[in-house]
K.L.:
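Below you will find the structure I want to go over with you.
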Amino acid sequence: MDTSEIGQVQESFDQAVAHIEDLKSLQQLKVEYLGKKGKVTGLMKEMKNLSKEERPQFGAAVNETRNHITEIIEQKTQTLEAEALEAKLAEETIDVTLPGRNFSLGSPHPLSLIIENIEDFFIGLGYEIAEGYEVETDYYNFEALNLPKSHPARDMQDSFYISEEMLLRTHTSPVQARTMESRAGKGPVKIICPGKVYRRDSDDATHSHQFTQIEGLVVDKNIHMSDLKGTLELFAKEIFGEEREIRLRPSYFPFTEPSVEVDISCFKCKGNGCNVCKYTGWIEILGAGMVHPNVLEMAGFDSSEYSGFAFGMGPDRIAMLKHGIEDIRHFYTNDLRFINQFKVTEDGGAKNESI
Ligand SMILES: [Zn+2]
């Protein structure tokens, strides 16, 4: 019996395993020696050529080699697995001293910023914020505001009609009408109504078919024009600077009587005349007036007991003036180069102090 062949198999394995450096190659080596067609299995097959007496000794020698190979492969497997884990851990080490990644914060829309500014100011004066429907009935959008069907002033506010009686609201005044009605003739009412409004306008640098409005309404006993003037003066100083003055000019709105246009002294030239104020020293900023008795009566208030004032302004125009924005369409085209100029600062404030 020749057992030197067994010795050769073991020796060649020992040499081969010494050069193995990864688990995959080790697995291949295992198959090469211990697999069904492997070298050790091949040795076992030679048993049949041996005499009965020789077989046990040969078998024992092959088993010994198989055990040797199995043991070495197990040890090597453990070693390589440990090495692989080490390498993975080293690769995934977190460097806690690296600075964190910055999150890209969105920025509030400039119109949202100006609306929030204005809301904060009026909340400080004790006003509530009232919101309403963008799709309104003809009654609340016009009739309840002293604009009966066929009233010529309706021409100034052509809208998008859903049906004969339903339309996209042309102003936030329907919120005033609805709020007054809900109070069932009992004051005080002290609200501002911010929101989107729609008019059938051709879009250009100063007109948009969609824009925003903030209207204010105060109804109570003993409300006078002087209350309106004082309120608007405070507002002008808050939004456009402490030195601003206001000027009231007579005007006409169907829902107020008397009605006024309100100008502020120019914040750019301090009244000397410039392109912003068209060389007049004054900038038209909003419309206002004392609530028309018809409007009070239609909403259920006794106009001999109650009086009130109302005003309406366009945040678009105010934001354009404040930030020197030359085209209203910038607000609605979602161009990031424009929007990103109004980034929120780290303390949560906003860079919107252009004046
Ligand atoms: Zn000016």
Side-chain angles (χ1 to χ4, degrees), residues 108-122 124-125 156 171 192 194 197 199 201-208 211-216 225-253 256 258-289 309-333 335 337-343 345 349-355:
H109 193 278
L111 284 177
S112 304
L113 282 175
I114 203 85
I115 289 171
E116 275 171 28
N117 273 6
I118 296 170
E119 284 177 353
D120 285 348
F121 168 73
F122 281 104
L125 293 184
M156 297 189 294
H171 44 190
I192 57 163
V197 300
R199 291 193 195 172
D201 248 334
S202 298
D203 291 2
D204 62 25
T206 53
H207 295 86
S208 169
F211 56 103
T212 54
Q213 216 175 37
I214 296 183
E215 293 191 356
M225 193 90 181
S226 51
D227 299 311
L228 170 64
K229 193 181 174 201
T231 302
L232 295 179
E233 210 163 68
L234 280 176
F235 165 77
K237 290 177 190 299
E238 169 73 18
I239 301 295
F240 291 101
E242 200 48 45
E243 297 152 23
R244 296 288 74 72
E245 289 172 31
I246 63 166
R247 176 176 84 169
L248 307 186
R249 284 180 290 116
S251 185
Y252 168 77
F253 302 109
T256 46
S259 303
V260 289
E261 297 281 358
V262 182
D263 301 335
I264 57 162
S265 55
C266 182
F267 50 79
K268 191 177 175 193
C269 65
K270 320 280 184 217
N272 297 326
C274 71
N275 59 337
V276 175
C277 60
K278 299 190 182 103
Y279 300 93
T280 63
W282 296 94
I283 302 168
E284 186 185 324
I285 207 76
L286 53 84
F309 66 74
F311 53 85
M313 62 183 87
D316 304 64
R317 177 164 161 75
I318 292 172
M320 286 169 81
L321 285 168
K322 210 169 145 67
H323 302 302
I325 296 163
E326 80 290 357
D327 194 323
I328 192 171
R329 290 169 291 195
H330 287 317
F331 292 130
Y332 302 103
T333 46
D335 186 336
R337 291 169 302 177
F338 173 74
I339 305 282
N340 281 338
Q341 294 175 48
F342 302 87
K343 279 271 186 201
T345 55
K351 287 193 297 186
N352 65 335
E353 299 303 323
S354 299
I355 288 174

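Order of listing sets the numbers, starting from 1, for every ligand and every atom in it. Starting from 1, each residue takes its place in the sequence as its number.
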K.L.:
Tell me, do Lys229 and Val260 make a side-chain contact under 4.5 Å, heavy atoms counted?
P.N.:
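The answer is no; the side chains never approach within 4.5 Å.
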K.L.:
In plain terms, say whether Arg249 and Glu284 are close enough for a salt bridge, that is, a side-chain N and a carboxylate O under 4.0 Å apart.
P.N.:
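Result for this pair is yes, salt bridge flagged.
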K.L.:
For distances below 2.8 Å, what is the count of protein N, O or S atoms around the Zn ion (ligand 1)?
P.N.:
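Under the 2.8 Å cut-off, the count stands at 4.
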K.L.:
Below 4.0 angstrom, N of the basic side chain to O of the carboxylate: do Asp201 and Arg199 qualify?
P.N.:
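Looking at Asp201 and Arg199, the cut-off is not met.
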K.L.:
Check the angle between the aromatic planes of His109 and Tyr332 and answer parallel, tilted or perpendicular using the 30° and 60° thresholds.
P.N.:
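Because their plane-to-plane angle lies in the 30° to 60° range, the rings of His109 and Tyr332 count as tilted.
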K.L.:
Mind telling me whether Phe342 and His323 have parallel, tilted or perpendicular rings, with 30° and 60° as the class edges?
P.N.:
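It falls in the perpendicular class, over 60°.
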K.L.:
By side-chain hydrogen bond (donor to acceptor under 3.5 Å, both in side chains), which residues pair with Ser251, not counting sequence neighbours?
P.N.:
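Counting only residues at least two positions away or on another chain, Ser251 forms a side-chain hydrogen bond (donor to acceptor under 3.5 Å, both in side chains) with Glu261.
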